[in-house]
Chemist: 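Here it is, the structure, as structure tokens.
Just follow the structure's listing: the first ligand is 1, and inside any ligand the first atom is 1. The structure displayed is predicted, hence computed values, not measured ones. Any value given below was found using the heavy atoms of this structure, including those in side chains, with hydrogens, waters and symmetry copies removed.
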Amino acid sequence: MKTFPTSAVWYFGILFISVSLITTESSEVQVVGPADRVVALAGDDIILPCSLKPNVSAENMTVQWTRLNLKGTEIPHLYRDNRDSYADQSTSYKRRTSMFHEELKNGNVSLMLKRVTLSDAGSYWCFIPTLMKETTVQLFVGAVSQPVISINGTKDWGVVLKCESGGWFPEPEMEWLDSSGTILPADGPLERHRDSEGRYTVRRHVTVVNTDTNRFTCRVHQTEINHLKETEIHVPDDVFPKLPYRWKVGLIAAAVVVLLAASILFFYSICVYMWRKHTEKEIRQQMEEQDHPDHPSLVQ
Ligand SMILES: *[C@@H]1O[C@H](CO)[C@@H](O)[C@H](O)[C@H]1NC(C)=O
Ligand SMILES: *[C@@H]1O[C@H](CO)[C@@H](O)[C@H](O)[C@H]1NC(C)=O
């Protein structure tokens with residue numbers, strides 16, 4: 001019996017070696033994302049990092065940026081046949097994405113996403129079908145805004161200040177501070193409200209009394225996105241409550257009465273003292289005259 005033809009052995013041998021080489025090469029190349037999630041603010045232009053390690057060229061590969069969310073699968077960006085392919089792109093990402101074409105030869109397949117919105121937050125999948133490899137990139141989107149301070153009337157001897165800041169995500173903290181940076185006790189807890197887009201509006205009142213600077217600061221901060229916004233107000237002196245007129249008249253009248261009473265008491269005490277001094281002197285004179293009977297008038 002004739003064994004396998006030599007050519008066939010060679011054929012299968014070469015095929016086997018090629019397949020193992022290709023498999024080895026593709027299994028060595030990794031698709032790598034960032035170590036941490038990407039944190040952005042609404043409105044920012046950001047990069048979702050993704051690259052091949054070792055850095056083989058991705059120019060001739062297909063790169064599919066996919067997003068998995070509740071609505072299903074969206075395709076923010078697709079690179080295929082050496083160019084960007086917009087046919088299957090999700091409408092919400094239209095004209096907002098791009099890849100760095102000059103970086104593809106270095107295996108850099110990062111995605112540029114412009115004007116991010118809160119609804120862009122989530123998991124992105126950087127998938128290279130050519131290699132059957134992928135990685136995920138987490139995008140966290142926050143939103144901030146400048147707090148607004150208003151004077152909300154007076155209470156007792158103080159002025160009530162209101163601070164409000166809308167459009168935050170995630171929910172922030174709000175504090176009132178004096179000019180030296182000390183946290184002031186607010187009038188009650190933080191008031192919060194969430195709109196249909198998921199953004200938070202926070203509000204807090206404080207009653208302040210007249211200080212030497214009359215400067216007060218409202219601070220809003222969010223630790224997850226590491227952002228802080230402050231607004232300062234200078235409350236004019238004349239905004240602080242004055243003594244009412246009736247109180248003023250009453251206080252002056254009371255002061256006059258007290259003064260009058262004090263003066264009367266004072267004069268009365270002086271009179272009593274003088275009178276006592278005078279009588280004492282008379283008594284002493286009388287006693288002296290008794291001791292010296294040569295005085296004619298006192299001879300009995
Ligand atoms: C990729 O490797 C080449 C050398 O092979 C090097 O010149 C280049 O800087 C590398 N690029 C990156 C993004 O690491
Ligand atoms: C990929 O290219 C972009 C744009 O030049 C750059 O900002 C980013 O750092 C690159 N990423 C890597 C991993 O080299």
Chemist: Side chains of Glu230 and Thr217: do they bring a donor and an acceptor to under 3.5 Å?
Modeler: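 Side chains of Glu230 and Thr217: no pair found under 3.5 Å.
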Chemist: Give yes if a backbone or side-chain nitrogen or oxygen of Asn108 is under 3.5 Å from a nitrogen or oxygen of ligand 2, and no if not.
Modeler: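 Such a contact does occur with ligand 2.
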Chemist: With the threshold set at 4.0 Å, does a side-chain nitrogen-carboxylate oxygen contact exist between Glu191 and Arg204?
Modeler: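 So Glu191 does not pair with Arg204 through a salt bridge.
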Chemist: Below 4.0 angstrom from a heavy atom of Glu103, which ligand 2 atoms are there? Numbered from 1 as shown, please.
Modeler: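 Under 4.0 Å from Glu103, ligand 2 has these atoms: 1 (C), 2 (O), 5 (O).
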Chemist: Counting only heavy atoms, which portion of Ile47 has something under 4.0 Å from ligand 2: side chain, backbone, both, or neither?
Modeler: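 Just the side chain.
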Chemist: Which heavy atom of Val144 sits nearest a heavy atom of Ile225, and at what distance?
Modeler: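 Shortest heavy-atom contact: CG1-CD1, 3.8 Å.
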Chemist: Is it the case that over 12 heavy atoms from other parts of the model lie below 6.0 angstrom from the CG atom of Asn226?
Modeler: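 Counting neighbours around CG of Asn226, 12 or fewer heavy atoms of other residues, nucleotides or ligands fall under 6.0 Å, so no.
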